[in-house]
Protein chains: 2
Amino acid sequence: MSAAQQVGIRQLRYFVAVMQHGSFRAAADAVHISQPPLTRQVQQLEEVIGVRLLERGARGVTATPAGQAFFEDATNILQLIDSAATRARRTGMGQLGRLDVGVFGSTVLNTIPRIMKAFRELYPEVEVVLHNMDRETQVRALRDRRIAIGINRFFDDEPGLHCEALYSERLFAVFPANHRLAERHTMRFRDLANEPLIMYPRVSRPTGFTYELMKIFHDRGINPNIVQQVDGVVTAVALVSSGIGTSFAVDSARTLQLPGIRYVPFDPTENVRFELSIIWREEDDSALTRSFLQVARDCDKGILEPT
Amino acid sequence: MSAAQQVGIRQLRYFVAVMQHGSFRAAADAVHISQPPLTRQVQQLEEVIGVRLLERGARGVTATPAGQAFFEDATNILQLIDSAATRARRTGMGQLGRLDVGVFGSTVLNTIPRIMKAFRELYPEVEVVLHNMDRETQVRALRDRRIAIGINRFFDDEPGLHCEALYSERLFAVFPANHRLAERHTMRFRDLANEPLIMYPRVSRPTGFTYELMKIFHDRGINPNIVQQVDGVVTAVALVSSGIGTSFAVDSARTLQLPGIRYVPFDPTENVRFELSIIWREEDDSALTRSFLQVARDCDKGILEPT
DNA sequence: GCTCATTGATACCTTTTCCGTATGGCGAGG
DNA sequence: CCTCGCCATACGGAAAAGGTATCAATGAGC
C-alpha cells in the first residue's frame, strides 16, 4: 500500500502551515480551523508516513530532519497541484498545448509561415508542429488523430471531416528568363501547346495539381508535351531555372525566387484558380483547433490578388 | 483561493484511474469503490479546476486536451507524494538522506568516482544515487526534482538553474598503437584532416561533444572524414582499439585503458579545452546539495594538468 | 522555587464529506 | 426495436473532519 493512497492534501497543507508558522496554534489560525483538529491531522500524517516529523516543545515546534525533508517535498507538491490545475484550465481554453498540422507542397513557402506568425502572436505558448504529408496521408492522419488540421489543395468531400476554402490563387507559368514568352504580361494555355513542360507532383492517383492541370489542357483539346515530372515546386522551378522547360506555380509559390526565373500570370479569361483548403474533424471542438481555424481565416481575409 | 486548497488526493487518484482504464466502471473496480462515488469525485474535480477533463461516451471515456495535460501532471504528483513519504521515512531512519545525481558519458569514468569517494568519507550516511541521463533529461529531471544535481558538459543557461564549471580538461586524440601518429607527443587538428574519425555521441541537436568538435574542424577549414558515429566514449575507444580509425577523448576519459590504445594530447596552442560543469536548482537550499557542491569543488581544486 | 501563561494533546459532540445500493437515461450493437 | 453496457442521479448510512471544553507539560517571570 503506497503512501499516496493515505496521505491527504489537507494533511500536507496543515503540516506546511505548521512548519511555516512554527507552532500549531498560529498555523490553526492561518488555515482557519481550530487547533485540535490540526494536531490530529498532523499526527495522522506522521502515522501514515511512519516517521516523526516535528519535535513538540513548550515554545512551539521544530522540525526533525525527516520533517525538514518532507517539508521541502510537500511545498513543492502543493505548488505542483496548483500549477497543474492552471495548466489544465489554460489547455482547455486553448492557450496552451500542442497542435499538429499536416501541410504539403508549396503551402510551406508562404501561406503556412504567415498563419504561423499570426498564430504565435496570439497563442505564444502553443506548440505548433508541422508535418509534411500528402493529401491521403493527411486524411488518414486526421482520422487517426495524429494531426488536428490539414492544409492542402483539392480536398474531396470526406465523411466526418470538414473542409473549407481559405482562398483561391491565380496560376502562373514559370519561364527561364531568356524564353521567348518570358516577357509576356499574360498567358493563355494555347501558347503552351508545344512547350516542353515540367509537371509536379508525380501523378499517382487521378487527383492533385498535375491532374487538374492535365484536365485543363484536355478540356481545351491540347495534348501537353510533358518532358519531366518532379516531386515538388522547388525542384520544378530549379529545372526551369536551368532551362529544361516551362512549369507552373500558384501565386504563393512566387515567394520562391531563383536566378533567371520569370513568373507570368494566366489571362483571367482562362478562369483557372486554385483553392487552398483547410480540413479538420467535424466533431473536433477543441479550443485550439477552433482558434487555429479562425486565425487562418482572418489571416487570409485581405489576401486576394497580390500582384 | 488556489486550487490546491480544494483538489484532493483521492480525486487525483480516481481521475488517474479513470484515464488509465478508459472507463469509470473499470476504474471503480481498480480503486475498490463503486462507480457512483467515483463519478462524483471526478465531477467535483472538474468543477474545482473549472474545465472539462473527460468526454463521456456510451463506450467509455476519452480525454479532452485539458484532461490529457492534467493527467500527466496528476500522475507526476502522485509519484512525488509517494517518494516524498519514502524520503521522509528514510531520512528519519539512520540514512540521513538521499541525493540523486544525474551523470552522463565519460564523467562516470573518473570524475564521478573521485567525487563519490570524497563525499562518502565526509557523509557516509548519505545515499548517493547516480542516474545516467543526457543533458536535456538532466534539465527536465532537475525541474521535476527527480535529481538535485546534474553533471555534464556544455550546459546552456537555464532559467531557475545555476551552473558552475568544475574544471576544464585537455583534449586527446586516441590512436591504435600501430598508427603512424601514435608516438607523437602533441597533435594538431590539421594532422587529422584525412584520418578516418570515430565521433560520439550521435549528433541529434546542435550541441554536445560531436558538435563542438565539428565546429573546431570547420573553424580551421578542415572537412573531417567521419567514418563512424557511436553512442559513447567506451564504444569509440573500443573501435579505435580494433583499428577502425581515430577518435577523441578528454583527460578524464584516459582512465579507460584498452590494449593497443595511445592517447596523444593536442598542442596547447590549439587552445581547445572542454569544461565539466555541475548544475543545480537555484533555490535549492538543502544542506545535502550544498555539501555535495562543496565537495565537488574541493575535489577538483588541485586537479589541473595531470600528465 | 512557585506561579502563570502558553502550547500541544485528549475527550466528546457536531458537521461535513464520502461511500454504497437502487435507479434512471442514453447511445451502441444485434 | 430491444437489450446491454456505461455514466449520471438520489438517498440513506458510515466515516472522516471540525469545534468546544479541558488537561498536561514546559518555560518565563517574579
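Proteins come first, then strands; the chains are lettered A, B, ... in the order of their sequence lines, and each starts at number 1.
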- request: Decide yes or no for B:Val61 and B:Met19: does some side-chain heavy atom of the first lie under 4.5 Å from some side-chain heavy atom of the second?
  value: no
task: Using side chain to side chain contact (heavy atoms under 4.5 Å, CB included) as the criterion, list what pairs up with A:Ala30, not counting sequence neighbours.
output: A:His21
Chain A footprint on DNA chain D, 5' to 3' - any atom under 4.0 Å from a heavy atom: D:dA17 to D:dT26
- request: Check whether any side-chain heavy atom of B:Phe292 lies under 4.5 Å from a side-chain heavy atom of B:Ile278, and answer yes or no.
  value: yes
message: Using a heavy-atom cut-off of 4.0 Å across all strands, would you classify B:Gln11 as base, sugar-phosphate, or nothing?
response: nothing
- prompt: Reckon B:Gln41 has a side-chain N or O less than 4.0 Å from the OP1 or OP2 of C:dT17?
  reply: no
statement: B:Arg10 atom CZ is separated from C:dT17 atom P, nearest whole Å, by 12 Å
query: Within this structure, what is the CD-to-P distance between B:Glu55 and C:dG27, rounded to whole angstrom?
result: 14 Å
Show every donor-acceptor pair shorter than 3.5 Å between a side-chain atom in residues 116-130 of chain A and any protein atom, with sequence neighbours excluded, or say none if there are none.
{"residue": "A:Tyr123", "atom": "OH", "partner": "A:Ser291", "partner atom": "OG", "Å": "3.4"}
{"residue": "A:Glu125", "atom": "OE1", "partner": "A:Arg90", "partner atom": "NH1", "Å": "3.3"}
{"residue": "A:Glu125", "atom": "OE1", "partner": "A:Arg90", "partner atom": "NH2", "Å": "2.4"}

task: Would you mind reading off the distance between A:Ile33 atom CD1 and C:dT16 atom P, rounded to a whole angstrom?
output: 15 Å
- prompt: Rounded to whole angstroms, how far apart are CG on B:Leu38 and P on C:dG20?
  reply: 10 Å
statement: A:Ser23 meets the side-chain hydrogen bond (donor to acceptor under 3.5 Å, both in side chains) criterion, sequence neighbours left out, with none
task: Write out all pairs satisfying salt bridge (Lys or Arg N to Asp or Glu O under 4.0 Å) with one or both partners inside residues 22-41 of chain B, taking only residues at least two apart or from two chains.
output: none
I'd like a table of atom pairs between the protein and nucleotides 8-14 of chain C - only N or O on both sides, under 3.5 Å - with the distance next to each one.
{"residue": "C:dG8", "atom": "OP1", "partner": "A:Phe24", "partner atom": "N", "Å": "2.6"}
{"residue": "C:dG8", "atom": "OP2", "partner": "A:Phe24", "partner atom": "N", "Å": "3.3"}
{"residue": "C:dG8", "atom": "OP2", "partner": "A:Arg25", "partner atom": "N", "Å": "3.0"}
{"residue": "C:dA9", "atom": "OP1", "partner": "A:Arg56", "partner atom": "NE", "Å": "2.8"}
{"residue": "C:dA9", "atom": "OP2", "partner": "A:Thr39", "partner atom": "OG1", "Å": "3.4"}
{"residue": "C:dA9", "atom": "N7", "partner": "A:Gln35", "partner atom": "NE2", "Å": "3.0"}
{"residue": "C:dA9", "atom": "N6", "partner": "A:Gln35", "partner atom": "OE1", "Å": "3.2"}
{"residue": "C:dT10", "atom": "OP2", "partner": "A:Gln43", "partner atom": "NE2", "Å": "3.2"}

- prompt: Would B:Glu46 and B:Arg56 pass as an ion pair if we require N to O under 4.0 Å?
  reply: yes
- prompt: Are B:Phe70 and B:Val51 side-chain neighbours, meaning at least one heavy-atom pair lies under 4.5 Å?
  reply: no
